[in-house]
Amino acid sequence: MSGETNLDVLIASLSAELVDGTFVFATIPQGDMPTGISPRMVFQEAEGTTLILLKSEAEALDLPYEFPCRMITLNIHSSLEAVGFMARIATALAKQDMGVNPVSGFYHDHLFVPLGREKDALAVLDELTSLERSRLQ
């Protein structure tokens, strides 16, 4: 299953799902993974290991964190080689003065948007999808 690559189909077919919980970004030294957490993402960087995890998990471990945010999953299996998908979404959100931290998994893309702006982000995604569906008809 390689996923969809056609940008028009990706935009017209996506449905956005708000995931429960408030997430945060934290960093820990490499090889120092705490037990008892279930990060949504772990990424090794030269300076340390980045974690995206629930705010409650970070606070329980007294981990310093930044960017309290909400996670939105884009329910379309996009190809890792799809061109312009995240750019189109990030541009639409930027027009509403909203930053986004996108993460691509094997099957789906996920957007981490500022806490309190999740409804705005969902509205932008809904409008983007509706416009693309209308254009394709």
Side-chain angles (χ1 to χ4, degrees):
M1 295 180 15
S2 60
E4 182 62 56
T5 59
N6 183 295
L7 181 58
D8 295 336
V9 171
L10 282 167
I11 297 295
S13 301
L14 78 84
S15 69
E17 177 185 348
L18 185 63
V19 176
D20 289 336
T22 298
F23 291 85
V24 295
F25 285 64
T27 186
I28 57 172
Q30 288 185 10
D32 197 19
M33 182 64 72
T35 58
I37 62 170
S38 299
R40 286 298 177 132
M41 187 206 68
V42 176
F43 194 85
Q44 301 291 328
E45 298 183 275
E47 300 84 358
T49 302
T50 297
L51 304 174
I52 302 175
L53 69 163
L54 287 168
K55 181 180 173 191
S56 59
E57 290 179 313
E59 288 175 340
L61 294 168
D62 290 324
L63 283 177
Y65 60 81
E66 294 187 14
F67 192 61
C69 55
R70 294 297 305 273
M71 177 179 164
I72 298 172
T73 295
L74 304 179
N75 285 322
I76 176 114
H77 182 185
S78 59
S79 170
L80 292 167
E81 297 178 10
V83 176
F85 186 47
M86 278 298 109
R88 187 106 166 257
I89 290 168
T91 298
L93 293 170
K95 287 179 182 177
Q96 299 302 313
D97 197 32
M98 187 182 321
V100 60
N101 288 291
V103 172
S104 295
F106 188 87
Y107 294 103
H108 303 286
D109 296 287
H110 311 275
L111 309 175
F112 292 89
V113 299
L115 183 64
R117 298 290 313 271
E118 59 273 11
K119 289 181 183 177
D120 298 335
L122 289 168
V124 167
L125 293 168
D126 186 51
E127 181 180 356
L128 186 64
T129 300
S130 295
L131 289 171
E132 191 62 28
R133 286 178 185 159
S134 295
R135 192 183 74 74
L136 291 177
Q137 289 180 359

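Not measured: the values here are computed from a predicted model.
Nearest approach of Leu128 to Ala92, heavy atoms of both residues: CD2-CB, 4.3 Å. Closest approach of Leu14 and Arg133 over heavy atoms only: O-NH2, 3.8 Å. Residue Pro64 comes nearest to Ala26 through the heavy atom pair O-CB, 3.5 Å, listed as atom of the first residue, atom of the second, then distance. Among all heavy-atom pairs drawn from Met86 and Pro102, the shortest one is SD-CB, 3.3 Å.
Here the CD1-OG1 distance, from Ile11 to Thr129, works out to 6.5 Å after rounding to the nearest 0.5 Å. The distance from the CG atom of Leu74 to the CZ atom of Phe85 is 5.0 Å, given to the nearest 0.5 Å. Annotation: the span from Arg70 atom CZ to Phe23 atom CZ amounts to 8.0 Å, rounded to 0.5 Å. Of the inter-residue distances, the one linking Glu81 atom CD with Thr5 atom OG1 reads 8.5 Å to the nearest 0.5 angstrom. Atoms CG and CZ, from Leu54 and Arg40 in turn, are 7.0 Å apart once rounded to the nearest 0.5 Å. The structure places CD1 of Ile52 at 7.0 Å from SG of Cys69, a figure rounded to the nearest 0.5 Å.
Applying the salt bridge (Lys or Arg N to Asp or Glu O under 4.0 Å) test to pairs two or more places apart or on separate chains, those with a residue in residues 3-21 are Asp8-Arg135. Evaluation of the ring pair (Phe, Tyr, Trp, His ring centres under 6.0 Å) test over residues 25-55, restricted to residues two or more places apart or in two chains, returns Phe25-Phe67, Phe25-Phe112.
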Step-by-step side-chain contact (heavy atoms from CB on, under 4.5 Å) determination, Ile89 to Asp109: CA-CA 11 Å; Ile89 290 168; Asp109 296 287; over 6 Å; no

Pair up each side-chain donor or acceptor in residues 114-122 with any protein partner under 3.5 Å, not counting sequence neighbours, and list the distances.
from	atom 1	to	atom 2	distance (Å)
Arg117	NE	Asp120	OD2	2.7
Arg117	NH1	Asp97	O	3.3
Arg117	NH2	Gln96	O	3.0
Glu118	OE1	Gly116	N	2.7

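Val103 and Val19 fall within the same hydrophobic cluster, defined by Ile, Leu, Val, Met, Phe, Trp and Tyr side-chain heavy atoms under 4.5 Å apart, directly or through other members. When hydrophobic clusters are built by joining Ile, Leu, Val, Met, Phe, Trp and Tyr residues whose side-chain heavy atoms come closer than 4.5 Å, directly or via intermediates, Met98 is not grouped with Met71. Hydrophobic clustering (side-chain heavy atoms under 4.5 Å, transitive across Ile, Leu, Val, Met, Phe, Trp, Tyr) keeps Leu136 apart from Leu7.
Tyr65 belongs to a hydrophobic cluster with Val24, Ile28, Met33, Ile37, Val42, Leu51, Leu53, Leu61, Leu63, counting contacts under 4.5 Å between side-chain heavy atoms of Ile, Leu, Val, Met, Phe, Trp and Tyr, direct or through other members.
At a threshold of 4.5 Å between non-hydrogen side-chain atoms, the residues Ile72 and Val100 do not count as touching.
Side-chain atoms of Glu57 come within 3.5 Å of backbone atoms of Ser38 as a donor-acceptor pair (strictly under, hydrogens ignored).
No more than 12 heavy-atom neighbours from other residues, nucleotides or ligands sit within 6.0 angstrom of CD on Glu127. Glu66 CD: 12 or fewer foreign heavy atoms inside a 6.0 Å radius.
With sequence neighbours excluded, no residue forms a side chain to side chain donor-acceptor pair (under 3.5 Å) with Ser13. Thr49 pairs by the side chain to side chain donor-acceptor pair (under 3.5 Å) definition with Gln44, not counting sequence neighbours.
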